[in-house]
Amino acid sequence: MINVKFEQVMSNVEEAVTEDELAALLDNETNITAYAGYEPSGKLHLGHLLTAYKLMDLQSVGVDVIVLLADLHAYLNEKGTMDQIRDWADHYQKCFSALGLAEGTRFVRGSDYQLEPEYTKLILKLARHTTLNRARRSMDEVSRNAEDPVVSQMIYPLMQTADIGYLNIDIAVGGIDQRKIHMLAREELHSMGFKSPVCVHTPILLGLDANKMSSSSDNLIAIEDSPESIKKRIQSAYCPPRTVGDNPLLQLYRYYVFPQFKQVELERPQQYGGPICYEDFSTLELDYAVGKLHPLDLKNGAATYIERIIGPIRSALRSD
RNA sequence: CCCGCCUUAACUCAGUCUGGCAGAGUGGUCGGCUGUAGACCGACAUGUCCCCCGUUCAAAUCGGGGAGGCGGGACCA
């Protein structure tokens, strides 16, 4: 029984820190609160969806969820002016509502509480306890312009730590790029009398060109992309035959298609063997590894199923 | 506060001394080869030369002023 919950939360995650604490939490506690924070800047894309799915997994096992629209974090991390970020935050809230999070999801805007005196005091206290090197290293995977960091980017991890304490978070969800900040939070919050969060980290997926996913290199699928755009992007994605490592197409199946569909049917010309059906990712992966499944068939199927995932989100967004 | 260096295509940078069509590599787009992509081959496009003022027939280049970044020095009762 416990294992069912635990396995659900652990599915497709890179790591949980720690698994024992997570299991104990799910086993013994009620009124558990999990959160993920997002910098409102740039289009929402499949990468964001991965942590959103994890929040939904948590909701499905009875955990309360907070989505933090981290507007001040975005500002500190040089993502735009306050005005631009406010607009993005409005948009993000609509997008997340369209994703299908459970009723009762709490949306919180960072600026709603991060300017309160008590919060500020907590930041200063954290600043007093954190070395510059530690703060800087914690931002390595998170900040743009890694050389020439600004002081605001050193405040960022302190605020993220304070958020977890302030919002009384039990489970912090984020990509594995958040790891060092979360480890800082676990350490500092504990010594300041707050709960240390259990951290659940999702993988950071490759972009469609097998390089690091980034909106600037345009190698990702945004939730607002048109069906045509999705198809075109997937068509041009990197996909070496019989290769399962660092294959962005297989990632789409593993992290998006199979978690959402029990049965995956791939169309295929009769000439190459006709339609083929899979019920789990590992079977598909194996067929691909041995060359039983051609990259183009993989791509055509991915385009169909990714559109089936994104289509409803797109229309929910439009009807709003 | 003082001194030195840097700022040119999406990125990394040549070019500045000695003024004369705005350059290379990487990346990008298109095509060829593949039942996909990549690789490979071929073609194409890059632009506020950080900003302002001046000198000049002509300024990325010279002069003056400014902005941003980097490094050092000084200050430290």
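Chain naming here is simple, since letters A, B, ... match the order of the sequence lines and numbering starts at 1 in each.
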Checklist entry - What distance, rounded to whole Å, do you find between the two C1' atoms, one in B:A22 and one in B:C49? => result 8 Å
Next on the checklist: Nearest 0.5 angstrom please: A:Asn12 CG to A:Met10 CE, how far?
Outcome noted: 10.5 Å
Checklist entry - Under the 4.5 Å side-chain heavy-atom rule for ILVMFWY, direct or indirect, which residues accompany A:Leu124? => result none
Item to check | Spacing of the C1' atoms in B:G68 and B:G25 (rounded, Å) | outcome: 27 Å
Next on the checklist: Roughly how many Å apart are B:U48 and B:A43, using the P atom of each and rounding to a whole number?
Outcome noted: 27 Å
Next on the checklist: Would you measure the distance from the P atom in B:U12 across to the matching atom in B:U18 and give it in whole Å?
Outcome noted: 30 Å
Checklist entry - Quantified in whole Å, what is the P atom distance between nucleotide B:A67 and nucleotide B:C30? => result 44 Å
Donor-acceptor pairs under 3.5 Å, side chain of residues 173-181 of chain A to any protein atom, not counting sequence neighbours: which ones?
| unit_1 | atom_1 | unit_2 | atom_2 | d |
| --- | --- | --- | --- | --- |
| A:Gln178 | OE1 | A:Gln160 | NE2 | 2.9 |
| A:Arg179 | NE | A:Glu15 | OE1 | 3.3 |
| A:Arg179 | NE | A:Glu15 | OE2 | 2.6 |
| A:Arg179 | NH2 | A:Glu15 | OE1 | 3.3 |

Checklist entry - Is it the case that more than 12 heavy atoms not belonging to A:Asp246 sit under 6.0 Å from its CG atom? => result no
Item to check | Per-nucleotide pairing state of RNA chain B [Watson-Crick or G-U, under 3.5 Å; [ ] pseudoknot-crossing; | other strand] | outcome: ((((((((.[[[[.)....(..]]]].(((((.......))))).....[[[[[..)....]]]]])))))))....
Item to check | Pairs involving residues 253-277 of chain A, ordered by first then second residue, that meet salt bridge (charged side-chain N to carboxylate O under 4.0 Å, His left out) (sequence neighbours left out) | outcome: none
Checklist entry - Would the number of heavy atoms belonging to other residues, nucleotides or ligands and lying under 6.0 Å from CG of A:Asn28 be above 12? => result yes
Checklist entry - Is a side-chain donor-acceptor pair under 3.5 Å present for A:Gln59 with A:Asp64? => result no
Checklist entry - Which residue pairs satisfy the ring pair (Phe, Tyr, Trp, His ring centres under 6.0 Å) criterion with at least one member in residues 104-134 of chain A, sequence neighbours excluded? => result A:Tyr113-A:Tyr119, A:Tyr113-A:Tyr166, A:Tyr119-A:Tyr166
Checklist outcome for this item: From CG of A:Asn219 across to P of B:C11 the rounded distance in Å is 16 Å
Check nucleotides 32-38 of chain B for protein N or O atoms closer than 3.5 Å to its own N or O atoms and list the pairs.
| unit_1 | atom_1 | unit_2 | atom_2 | d |
| --- | --- | --- | --- | --- |
| B:G35 | N7 | A:His294 | NE2 | 3.3 |
| B:G35 | O6 | A:Asp297 | OD2 | 3.4 |
| B:G35 | N1 | A:Asp297 | OD1 | 3.4 |
| B:G35 | N1 | A:Asp297 | OD2 | 2.9 |
| B:G35 | N2 | A:Asp297 | OD1 | 2.8 |
| B:U36 | O2' | A:Gln235 | O | 3.0 |
| B:U36 | O2' | A:Lys299 | NZ | 3.1 |
| B:U36 | O2 | A:Lys299 | NZ | 2.8 |
| B:U36 | N3 | A:Cys239 | O | 2.6 |
| B:U36 | O4 | A:Cys239 | O | 3.3 |
| B:U36 | O4 | A:Pro241 | N | 3.4 |
| B:A37 | O4' | A:Ala237 | O | 3.3 |
| B:A37 | O4' | A:Lys299 | NZ | 2.9 |
| B:A37 | O2' | A:Ser236 | O | 3.1 |
| B:A37 | O2' | A:Ala237 | O | 2.7 |
| B:A37 | O2' | A:Tyr238 | N | 3.2 |
| B:A37 | N3 | A:Cys239 | N | 3.2 |

Item to check | Distance between C1' atoms of B:G23 and B:U8 (Å, rounded) | outcome: 10 Å
Checklist entry - Taking the C1' atom of each, how far is B:A10 from B:C53, in whole Å? => result 31 Å
Item to check | B:G27 and B:C40, which share atom name P, separated by this distance in whole Å | outcome: 8 Å
Checklist entry - Using a distance-only test with no angle check, is there a side-chain donor-acceptor pair under 3.5 angstrom linking A:Thr202 and A:Tyr53? => result no
